[in-house]
2 protein chains.
Amino acid sequence: MLERIHLAIVLEVEKRGSLTAAAEVLCVTQSALSHSMKKLEQHLGTDIWLREGRSLRLTQAGQYLLAVANRVLPQLSLAEQHLRQFAQGERGTLRIGMECHPCYQWLLKVVSPYLAAWPDVDVDVKQKFQFGGIGALFGYEIDVLVTPDPLFKPGLQFEPVFDYEQVLVVARGHPLARAPYITPDQMAQETLITYPVAPDRLDIYTRFLQPAGIAPRRHKTIETTDIMLQMVASQRGVAALPRWLVLEYAGKVDVVPVRLGLEGVAKQIFLGVREADLGTDYLQAFIEQARQRVAPAVTP
Amino acid sequence: MLERIHLAIVLEVEKRGSLTAAAEVLCVTQSALSHSMKKLEQHLGTDIWLREGRSLRLTQAGQYLLAVANRVLPQLSLAEQHLRQFAQGERGTLRIGMECHPCYQWLLKVVSPYLAAWPDVDVDVKQKFQFGGIGALFGYEIDVLVTPDPLFKPGLQFEPVFDYEQVLVVARGHPLARAPYITPDQMAQETLITYPVAPDRLDIYTRFLQPAGIAPRRHKTIETTDIMLQMVASQRGVAALPRWLVLEYAGKVDVVPVRLGLEGVAKQIFLGVREADLGTDYLQAFIEQARQRVAPAVTP
DNA sequence: CATATCAATGAACTAAATTCATAAAATGCT
DNA sequence: AGCATTTTATGAATTTAGTTCATTGATATG
């Protein structure tokens with residue numbers, strides 16, 4: 001079989017001019033090279049070199065083999081280099097899962113400096129998971145989960161990366177727009193617009209309406225934040241979003257945030273990872289990057 | 001070191017789904033594969049597979065390695081296939097040396113069917129040699145020498161491929177055009193046009209003029225056959241060429257052949273090769289092709 | 001013409017790969 | 001649930017392959 005060593009020998013002999021010199025570079029004896037190549041020649045049924053006195057001259061087959069060596073050997077050493085980068089966590093694909101719709105805006109701000117700092121790492125963002133975000137993490141579908149619901153299970157590690165307040169968003173002209181805060185019963189007359197997820201995963205239900213036994217007049221779902229806010233601005237309904245996100249849109253869309261209840265609804269976003277991956281440099285670096293961006297930038 | 005076998009294992013495990021199945025295909029035991037890959041993993045410092053129960057799932061590094069395998073392995077097997085073709089003389093470059101200017105026309109007729117029959121063989125034609133045609137053959141500059149002057153030396157083999165008559169070419173309106181043959185003394189008044197080679201390699205000198213102690217009035221040299229015949233047609237001189245070549249040009253240029261002396265000058269063209277190369281299929285095939293074209297085609 | 005250098009070669013040796021035997025874990029089947 | 005089967009991992013034994021050593025023959029070099 002044609003092996004890597006044969007290509008290396010042909011290349012090195014051509015570079016150094018003799019078997020003896022090549023042997024030195026390859027850290028074996030001249031005899032070893034002679035035996036190796038003789039075996040290859042027997043296997044192929046053709047000589048690689050013409051033996052002219054005490055020097056070697058490539059045959060046509062040898063010249064071809066040299067061309068192959070020049071082409072293939074760099075591919076192998078590059079592959080090894082890349083694999084070593086994988087080993088040291090300097091290269092890979094970071095697959096991020098999102099279980100928190102509005103966090104996308106925040107994620108973009110984390111990802112862009114991260115990509116600059118880790119040129120050999122690709123980032124992939126996924127939003128749909130067959131068995132939920134935790135399942136995707138366990139099943140190696142994703143490497144990081146961005147979620148407001150940490151689930152402390154063995155093998156996983158969750159870490160809070162930022163706190164924010166979930167608020168009600170209403171149009172500037174809305175009757176509730178000037179209230180310091182709203183009470184659950186005030187929602188009974190409103191149309192609520194949310195992302196299309198189960199109500200038990202929406203804080204406005206679990207932490208505001210359900211405890212008071214109130215339901216909104218109507219409930220519509222919309223996928224994208226932009227359209228959702230357009231709808232709110234045009235008085236088609238109200239929505240619940242992070243305060244920082246509302247403030248970011250303040251200049252573009254005519255909406256205002258209102259506190260949910262006297263105390264407000266406080267939230268945390270967590271980054272979940274597999275404990276086994278904690279040694280991976282580029283993953284650690286991502287968590288670090290996310291932590292630094294603890295206060296989401298707000299355009300006043 | 002990353003070896004061919006490692007790539008083969010990764011590829012085959014992915015194709016068959018298990019180490020055990022791959023081992024069977026690769027004709028070794030499952031244990032051997034397990035040991036091999038463990039060693040590679042230790043060398044690289046990263047796992048190739050995630051061991052999940054009794055099945056293997058590629059890690060990111062593993063997926064990369066698979067991609068490398070898919071790219072590199074075909075290159076290696078193609079290289080082996082080509083080398084085996086070199087070995088069996090089914091592939092190579094046939095470097096032809098020419099020591100006989102007018103033979104070029106003949107060569108083209110041999111080469112074109114040859115190339116069609118041997119698609120994996122390249123043909124290269126050379127006309128200048130530092131140490132003469134024989135030297136080029138010995139020095140592996142060329143593989144075949146087309147020459148009218150065989151030199152029977154040990155290690156070389158010459159074979160006649162065709163006979164022809166060297167004739168004088170004169171314009172149709174030339175005084176000698178109607179003679180059945182010319183004598184050396186008739187040349188004393190003529191301008192002789194030849195290829196630019198030493199006179200002792202021109203038959204008209206060595207076998208016609210010199211024996212009679214005659215020299216032509218003038219001697220001009222021209223590189224190409226076409227121009228040479230144009231010159232002859234326009235009465236600027238006479239030339240010596242193979243009869244078949246003159247007949248080929250008969251339709252296009254107004255020249256006629258005249259025998260040199262009563263007996264004419266008979267010539268043979270030989271193909272010279274190194275004896276060591278006689279086993280090479282594509283070389284043998286070339287000689288065979290040349291032999292079949294023993295009578296140069298003549299357009300009447 | 002002596003000396004040094006280089007490739008080839010056979011035998012001895014060494015290291016590496018492979019097998020064998022077996023364990024541990026997990027899947028599938030009754 | 002329990003048993004048979006399948007799969008990977010592992011340590012020791014074995015075999016194979018590769019390497020070195022010692023030497024020869026050929027050929028440049030001074």
Side-chain angles (χ1 to χ4, degrees), chain A residues 1-59 61-63 65-66 138-140 154-155 276, chain B residues 1-59 61-62 65-66 80 138-140 154-155 276:
Chain A
M1 280 283 248
L2 181 59
E3 297 295 336
R4 185 176 183 170
I5 187 68
H6 298 124
L7 300 179
I9 294 173
V10 170
L11 197 67
E12 213 57 52
V13 166
E14 207 55 20
K15 204 183 288 174
R16 312 274 157 183
S18 78
L19 263 193
T20 310
E24 206 163 320
V25 174
L26 297 172
C27 299
V28 283
T29 59
Q30 168 268 128
S31 178
L33 299 198
S34 184
H35 283 301
S36 281
M37 294 310 287
K38 163 135 283 181
K39 197 180 164 192
L40 177 67
E41 289 178 329
Q42 282 167 354
H43 170 73
L44 294 173
T46 180
D47 283 355
I48 302 302
W49 288 295
L50 290 170
R51 274 72 173 178
E52 295 184 326
R54 70 190 204 189
S55 67
L56 303 173
R57 195 246 240 36
L58 289 174
T59 59
Q63 285 173 18
L65 198 56
L66 177 62
F138 266 119
Y140 282 86
Chain B
M1 277 283 246
L2 180 59
E3 296 296 335
R4 184 176 184 170
I5 187 66
H6 298 124
L7 300 179
I9 293 173
V10 170
L11 196 68
E12 213 57 53
V13 166
E14 207 55 19
K15 204 183 287 175
R16 313 273 159 185
S18 79
L19 263 194
T20 310
E24 206 164 320
V25 174
L26 298 172
C27 300
V28 283
T29 60
Q30 167 271 129
S31 178
L33 299 198
S34 184
H35 282 301
S36 280
M37 293 310 288
K38 162 136 283 179
K39 198 180 164 193
L40 178 65
E41 288 177 331
Q42 281 168 355
H43 171 72
L44 295 173
T46 179
D47 283 356
I48 302 302
W49 289 296
L50 290 170
R51 274 72 173 177
E52 295 185 326
R54 70 188 204 189
S55 65
L56 302 174
R57 193 251 242 31
L58 289 173
T59 58
L65 198 57
L66 176 62
E80 270 189 324
F138 266 120
Y140 282 86

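Note that this is a predicted model, so its numbers are computed, not measured. Here is how names work: the chains are called A, B, and so on, in the same order as the sequence lines, proteins then strands, and each is numbered from 1.
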Could you pull out the protein-nucleic contacts involving nucleotides 4-9 of chain C (nitrogen or oxygen on both sides, under 3.5 Å)?
unit_1 : atom_1 : unit_2   : atom_2 : d
dT5(C) : O2     : Arg54(A) : NH1    : 2.5
dC6(C) : O3'    : Arg54(A) : O      : 3.3
dA7(C) : OP1    : Leu19(A) : N      : 2.7
dA7(C) : OP2    : Thr20(A) : N      : 3.0
dA7(C) : OP2    : Thr20(A) : OG1    : 2.4
dA8(C) : OP1    : Arg51(A) : NE     : 2.1
dA8(C) : OP1    : Arg51(A) : NH2    : 3.1
dA8(C) : OP2    : Ser34(A) : OG     : 3.2
dA8(C) : N7     : Gln30(A) : OE1    : 3.1
dA8(C) : N6     : Gln30(A) : NE2    : 3.3
dT9(C) : OP2    : Lys38(A) : NZ     : 2.4
dT9(C) : O4     : Ser31(A) : OG     : 3.1

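Here the side chain of Ser34(B) pairs no donor or acceptor atom with the backbone of Gln30(B) at under 3.5 angstrom. Of the possible donor and acceptor atoms, none in the side chain of Arg54(A) sits under 3.5 Å from a partner among the backbone N and O of Glu52(A).
Among residues two or more places apart in sequence or in another chain, the salt bridge (charged side-chain N to carboxylate O under 4.0 Å, His left out) test is passed with Glu14(B) by none.
dT8(D) atom C1' lies 19 Å from atom CZ of Arg16(B), rounded to whole Å. Following rounding to the nearest Å, Leu50(B) (CG) and dT7(D) (C1') show an atom-to-atom distance of 16 Å. Rounded to whole Å, atom P of dG18(D) lies 12 Å from atom CD of Gln42(A). In this structure, NE2 of His6(B) is placed 13 Å from P of dA16(C), rounded to the nearest angstrom. The distance from atom CD of Glu3(A) to atom C1' of dG18(D) is 13 Å, rounded to the nearest whole Å. In this structure, Glu52(B) atom CD and dT8(D) atom P are separated by 13 Å, rounded to whole Å. Atom-to-atom, CE of Met1(B) to C1' of dA16(C) comes out at 16 Å; the value is rounded to the nearest Å. Computed from coordinates, the His43(A) NE2 to dA17(D) C1' distance equals 15 Å when rounded to whole Å.
Heavy atoms of other residues, nucleotides or ligands lying less than 6.0 angstrom from CD of Glu3(A) number more than 12.
When all heavy atoms of Tyr140(B) and Arg57(A) are compared, the closest pair comes out as CB-NH2, 3.8 Å.
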Do Leu40(A) and Leu65(A) pass the side chain to side chain contact (heavy atoms under 4.5 Å, CB included) test, and can you show the C-alpha distance, the side-chain angles, and the key distance before you say yes or no? CA-CA 11 Å; Leu40(A) 177 67; Leu65(A) 198 56; 4.1 Å; yes
